[in-house]
Asker: 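Quick one: this structure, given as structure tokens, is what I'll be asking you about.
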Amino acid sequence: MSPRRTETGGRIDRLRTIRFTFDGAPYTGHAGDTLASALLANGVTLFGRSFKYHRPRGLLSAGVEEPNALVTVLRGEVREPNIPATMVEIYDGLVAVSQNRTPSLAWDIGAINQLGGKILSAGFYYKTFMGPVIGPLKGTRFWMFCEHFIRRAAGLGKAGTAPDPARYERMNAFCDVLVVGSGPAGLMAAKAAADQGARVILADLEAHFGGSANWSGETIDGMPAADWAQRMAAQLAGNDNVRLLPRTTVWGYYDGNTLAALERVTDHREVAAKGEPRQRYWAIRAGTVVLATGSFERPLVFPGNDRPGVMLAHAAGRYVNEYGVLPGQRVALFTNNDSAYRSAVALKKAGAAVVAIIDVRSDVSNEMRRLASDAEAELLAGHAVVATEGGKALTGLKVQGFDAMSGSLSGDERSIHADSLLMSGGWSPTIHLASQAGAKAEWDPARQAFLPPKPTQRWIGAGAFTGSFSTAEAIAEGRAAGLQAAGGTASSGPLPVVEAAPGDPNPAPVFEIRAKGKSFVDFQHDVTAEDVRLAHREGFVSVEHLKRYTTLGMATDQGKNSNVPGLAIMAEALGKPIPEVGTTRFRPPYTAVSIGSLAAERFGDLKPERLTPMHDWHIANGARMYSAGLWYRPMIYGLPGETVEQAYVREAKATRDNAGIVDVSTLGKIAVQGPDAAEFLDRVYTNMFSTLAVGKARYGLMLREDGLAFDDGTTWRLGEQDFLMTTTTANAGKVMQHLEYFLDVIWPELKVTVTSVTDEWAGAAIGGPDARAILAACVTGTAVDNATLPFMGIVHGRIAGVPVMICRLSFSGEMAFEVYSGAGYGTRVWEALIEAGKPFGLVTYGLEALGTMRIEKGHVTGAEIDGRTTARDLHLDWMLSKKKPFIGSAMMDREGLIAPDRLELVGLIALDNRALNGGGHIVEELDEANPHDSIGHITACCYSPALGKYIALALVKGGKARHGTRAFVSDPLRNRFGPVEIVSNHFYDPDGSRMHG
């Protein structure tokens, strides 16, 4: 038998022995144990070291709020630090190590920091910025000296560097009711909602549903509360409309009732089954949320309250009732409320000697005196603990008379021998998710706690979350919340009958016992009560400033234990009530979330990937892909042995000779609809769209409000009030924002809706001399001859039985057509076009060939519309309407935007027949040793199969006037220098005869 394991009791499987190691030493536990309960059962009292002083620390709690017992779990070479031992389920082969100590947990040289005294008080690292004058270490030099040591000391566990081989998953879920927390309130809420036919998700961060029922020792409906909870969970599991998510922490509450959760799928097993993820990230969109998240017990602040062996009273009750583990053999309790008395009775029943109950209140009720008698404990009412004794384990404590009204001590100190001290400073509802959802928490003077704010989203609270700390209240509130969430009516049926020990949930307003010695508020970051008062003396009167100056509540537990005591001490120093001092707002995540789970299937990616409907076809047919913004597009379809240049030259030449096809699904597509759609487009574009006929398209240019070019594209008129706007791939999102801004803010009177439909359409552009013949071979339901489908005309037909919309327009300079179909049919239409093109020598081409043909034709893209150019710079001034105002028209004629020496679009031909580079500068006189006097730069370049030369587009000062002159490219970064000829940007088919033919 383990030193502290009870002979009976608990909900562990005593027939299954599990072996694990901690700091290299072998231990055993039982199935159902956490690492904390198993080590405690083996007599371990020292679990960790504090952050700043490296003080020895033992278990404080039994749940997710644990600040002391942080460990690193090792799986081969992979290490995961800073995990509360209270949340690690043991399994055969578990390897865990302690943290923040050198060379060992028992003998840590960092403990010398305890001798630092006031030097290491609150804000000591800020004060090193100014620093004392110590020889040459003046001002910031002192900080630079200290910085190396502070940074080495910072942190707790050590992050690993080995690649993580685990799998992670992402899931999206939709439900009518999400219940967070599976205690009595949560179980009743889930059942009530499910009985109404609602789709319910019940999530709990623990491995077993039931919450406090698993360790309260109460009875519900004549059976142990834990058995009742197990029966309720089994009933819910049998419902088709209920999803149960154990080991799942709901950690974020966002707009639109969207919540984020992390499911620990296989963390409790040595090896995951084939295909199982380690963790699963859930994005849950709920109609209504029931928050039944319970509450945290608060510690009391007194000298020596951090010594190993000092624990929260409810945690001790949980270790006894759920795990069959005693916190000690001789136990004392220190409290300001009634709940600790129930823990005393549970400990006595489990075999511990309860030597004393120290209560700061002098008027203890008769019910509590009876419970103290049942526990065979000496009741010291009107007393307080003023010191603890021991080193790496508690050996005793000292008590003294205490007046709860004045906070003063009186009488002589009395020593009590005990190896465990259990404290209870009241309860704080776990309101983190409600706070994240919006609004400010509300202080309840009776509960001495912050209660949830008024809901700003669709959530309902129940149980201890609302400050109702009894199980009977939790059950009643849970059922009412579930019915309300599911839209049901109040039920008059009987509620489960609860048998529980009596108790008043309201604590005495006592948070600190002021006596000689360090009294800790934040256990992990070593923030003392005196640190809080020091912050006040140094002028930090805001709760936010207090938090950052002292680091109170900034540890891994995020102040779950320390916030309220810290605020109370700050309020006393300010002479203000606690609600006037306020509280910091909680923000996600509620607990730490692994980066792997957030990345999930996209593990290894730095940004999202957008794939066109034909992506798999491109891969299967030899495309070399690269990213264009967030989209993945084919660069080339290379043949064996081809270079990139050889491939795109072949593809571009074949397109000009016969025909080519390219995937243009990535173009931005925006539906602009409504009675004022045409008027809106007239204001947005520089040219007219209200005169555009139905069934026709027009090229358009947009300016920003400052008169600079913003985006270009075509817009198709599909009906009198129905337009389809296309944008460049890279600017689709920006254009959508641009349109929404003007509709929402500038012209709200316009009756127009804009909808992004980029992902709804698959697009293919087919161009070349044989393009029309290829379409005629596969299109049904419409002719595609010149009369039916003239330049910028639109027709509707079918390809391979799929409805398609075809517009005759060209980006390549050849006769070309864009074919759009529903995204789900994209590959089918694409393959039908390719099959029809085989007799004509149709080739597929990628972005390199597309770019080559657009450079030859002189079309502009984002490389030229770079946020600094005007329509005149790009020779698009023919599109500036003189008949109407438009966005940017008031600013486009500013002096600086019409200056004669502005950079203008030109073409370049390399006279040395060598490749040019984007970004290379253009100079009038070449000086390789001292490059200077740039007159412009290259925006895009390629080898032109149509001209048989290396060419480029460039922006050059006074560009049009320089046509036919020579200059030089000066690119010192890539050591490229040489002569070029400046020509028109229209290298190929300048009169458009091929495009219009």
Asker: Could you tell me whether Asp526 and Arg57 make a salt bridge, using a distance below 4.0 angstrom between a side-chain N and a carboxylate O?
Answerer: yes
Asker: Checking the side chain of Thr6 only, and the main-chain atoms of Gly324 only, is there a donor and an acceptor separated by less than 3.5 Å?
Answerer: yes
Asker: With a 4.0 Å cut-off on N to O distance, would you call Arg318 and Glu206 a salt bridge?
Answerer: yes
Asker: Could you tell me which non-hydrogen atom of Ala377 sits nearest to which non-hydrogen atom of Ile357, and how far apart they are?
Answerer: CB-CG1, 3.9 Å
Asker: Out of curiosity, Ser428 OG to Glu65 CD, how far, rounded to the nearest 0.5 Å?
Answerer: 10.5 Å
Asker: In Å and rounded to the nearest 0.5 Å, what is the CG to CG distance from Leu371 to Leu379?
Answerer: 10.5 Å
Asker: Has Asn337 got a side-chain atom pairing as donor or acceptor with Pro507's backbone, closer than 3.5 angstrom?
Answerer: no
Asker: Could you check whether any side-chain N or O of Thr528 sits under 3.5 Å from a backbone N or O of Ser519, counting only pairs where one atom can act as donor and the other as acceptor?
Answerer: no
Asker: Is Asn42 reaching over with its side chain to a backbone N or O of Thr28, donor-acceptor style, under 3.5 angstrom?
Answerer: yes
Asker: Answer yes or no on whether Lys560 is positioned over the face of Tyr590, meaning its NZ or CZ is under 6.0 Å from the six-membered ring centre and within 45° of the axis.
Answerer: yes
Asker: If you take all heavy atoms of Ala226 and Arg11, which pair is closest and at what distance?
Answerer: CB-NH1, 3.2 Å
Asker: Would the distance check show the side chain of Arg330 and the main-chain N or O of His417 forming a donor-acceptor pair, the cut-off being under 3.5 Å?
Answerer: yes
Asker: Determine, stepwise, if the pair Met87 / Leu205 fulfils side chain to side chain contact (heavy atoms under 4.5 Å, CB included).
Answerer: CA-CA 9 Å; Met87 298 302 293; Leu205 55 78; 3.8 Å; yes
Asker: Look at atom CD of Glu530 and say whether more than 12 heavy atoms of other residues, nucleotides or ligands are closer to it than 6.0 Å.
Answerer: yes
Asker: Answer with yes or no whether the side chains of Thr335 and Arg361 bring together a donor and an acceptor at under 3.5 Å.
Answerer: no
Asker: State whether the side chain of Arg101 and the backbone N or O of Arg49 hold a donor-acceptor pair below 3.5 Å, judged by distance alone.
Answerer: no
Asker: Can you tell if the side chain of Glu477 reaches within under 4.5 Å of the side chain of Phe465, non-hydrogen atoms only?
Answerer: no
Asker: Working to the nearest 0.5 angstrom, can you tell me the gap between Leu451 CG and Glu442 CD?
Answerer: 7.5 Å
Asker: So, do Tyr91 and His268 have ring centers that fall under 6.0 Å from each other?
Answerer: no
Asker: Can you tell me if Ser343 uses its side chain to pair, donor with acceptor, with the backbone of Ala313 under 3.5 Å?
Answerer: yes
Asker: Check the pair Tyr341 / Asp374 against side-chain hydrogen bond (donor to acceptor under 3.5 Å, both in side chains), numbers first and verdict last.
Answerer: CA-CA 10 Å; Tyr341 289 79; Asp374 291 345; over 6 Å; no
Asker: Is the backbone of Gln400 close enough, under 3.5 Å, to the side chain of Glu413 for a donor and an acceptor to pair up by distance?
Answerer: no
Asker: Determine the interplanar angle of the Trp427 and Phe469 rings, folded into 0 to 90°, and report it as parallel if under 30°, tilted if 30 to 60°, perpendicular if over 60°.
Answerer: tilted
Asker: For a 4.5 angstrom cut-off between non-hydrogen side-chain atoms, does His525 reach Ser562?
Answerer: no
Asker: Measuring from His432:NE2 to Gln558:CD, what's the distance to the nearest 0.5 Å?
Answerer: 8.0 Å
Asker: Give the C-alpha distance, both sets of side-chain angles, the deciding distance and a yes or no for side chain to side chain contact (heavy atoms under 4.5 Å, CB included) between Asp33 and Ile18.
Answerer: CA-CA 9 Å; Asp33 264 325; Ile18 293 176; over 6 Å; no
Asker: Take the angle between the ring planes of Phe22 and Phe47 and call it parallel below 30°, perpendicular above 60°, tilted in between.
Answerer: tilted
Asker: Start with the C-alpha gap between Leu397 and Ile358, add the side-chain angles, then the distance that decides, and say whether side chain to side chain contact (heavy atoms under 4.5 Å, CB included) holds.
Answerer: CA-CA 11 Å; Leu397 54 129; Ile358 303 105; 4.0 Å; yes
Asker: Nearest 0.5 Å, what's the CG-CG distance between Leu39 and Leu59?
Answerer: 8.0 Å
Asker: Are there more than 12 heavy atoms of other residues, nucleotides or ligands under 6.0 Å from atom NZ of Lys348?
Answerer: yes
Asker: Test Arg264 against Thr249 for side-chain hydrogen bond (donor to acceptor under 3.5 Å, both in side chains), laying out the working first.
Answerer: CA-CA 8 Å; Arg264 303 181 305 280; Thr249 305; 3.3 Å; yes
Asker: Decide yes or no for Pro327 and Val320: does some side-chain heavy atom of the first lie under 4.5 Å from some side-chain heavy atom of the second?
Answerer: yes
Asker: Which heavy atom in Val179 sits nearest to a heavy atom in Gly186, and how many Å separate them?
Answerer: CG1-O, 3.5 Å
Asker: Under the side-chain hydrogen bond (donor to acceptor under 3.5 Å, both in side chains) criterion, do Asn506 and Arg447 qualify, and how do the steps go?
Answerer: CA-CA 5 Å; Asn506 296 334; Arg447 296 287 193 262; 2.4 Å; yes
Asker: Could you report the tightest heavy-atom contact between Thr86 and Thr34, atom names first, then the distance?
Answerer: O-CG2, 3.4 Å
Asker: Tell me the closest heavy-atom pair linking Ser37 and Val325, and the distance in Å.
Answerer: O-CG2, 3.7 Å
Asker: Take Ile513 and Leu300 through the side chain to side chain contact (heavy atoms under 4.5 Å, CB included) test and state the conclusion after the steps.
Answerer: CA-CA 8 Å; Ile513 309 302; Leu300 287 163; 5.9 Å; no
Asker: Rounded at 0.5 Å granularity, tell me how far NZ in Lys518 sits from CZ in Arg307.
Answerer: 12.5 Å
Asker: Do Gln524 side-chain atoms and Thr556 backbone N/O form a donor-acceptor pair below 3.5 Å?
Answerer: yes
Asker: Relative to Phe520, does Arg55 satisfy both conditions: NZ or CZ under 6.0 angstrom from the six-membered ring centre, and within 45 degrees of the ring's axis?
Answerer: no
Asker: Is there a side-chain contact between Phe51 and Leu70 (heavy atoms, below 4.5 Å)?
Answerer: no
Asker: Sort out for me which residue in Asn561, Leu312, Leu422 forms a side chain to side chain contact (heavy atoms under 4.5 Å, CB included) with Glu297.
Answerer: Leu312
Asker: Is there a side-chain contact between Gln448 and Trp443 in this structure, where contact means two heavy atoms from C-beta onward sitting under 4.5 Å apart?
Answerer: yes
Asker: Could you tell me whether the side chain of Thr466 and the main chain of Gly461 form a donor-acceptor pair under 3.5 Å?
Answerer: no
Asker: Side chains of Ile416 and Leu380, heavy atoms from C-beta outward: is any pair under 4.5 Å?
Answerer: yes
Asker: Walk me through it: do Glu389 and Thr395 pass the test side-chain hydrogen bond (donor to acceptor under 3.5 Å, both in side chains)?
Answerer: CA-CA 6 Å; Glu389 299 172 332; Thr395 58; 4.7 Å; no
Asker: Below 4.5 Å, heavy atoms only, C-beta onward: do Leu40 and Tyr323 meet side chain to side chain?
Answerer: no
Asker: Considering non-hydrogen atoms only, spot the tightest contact between Val310 and Gly304 and give its length.
Answerer: CG2-O, 4.0 Å
Asker: Can you find a pair of side-chain heavy atoms, one from Met570 and one from Val521, that are under 4.5 Å apart?
Answerer: no
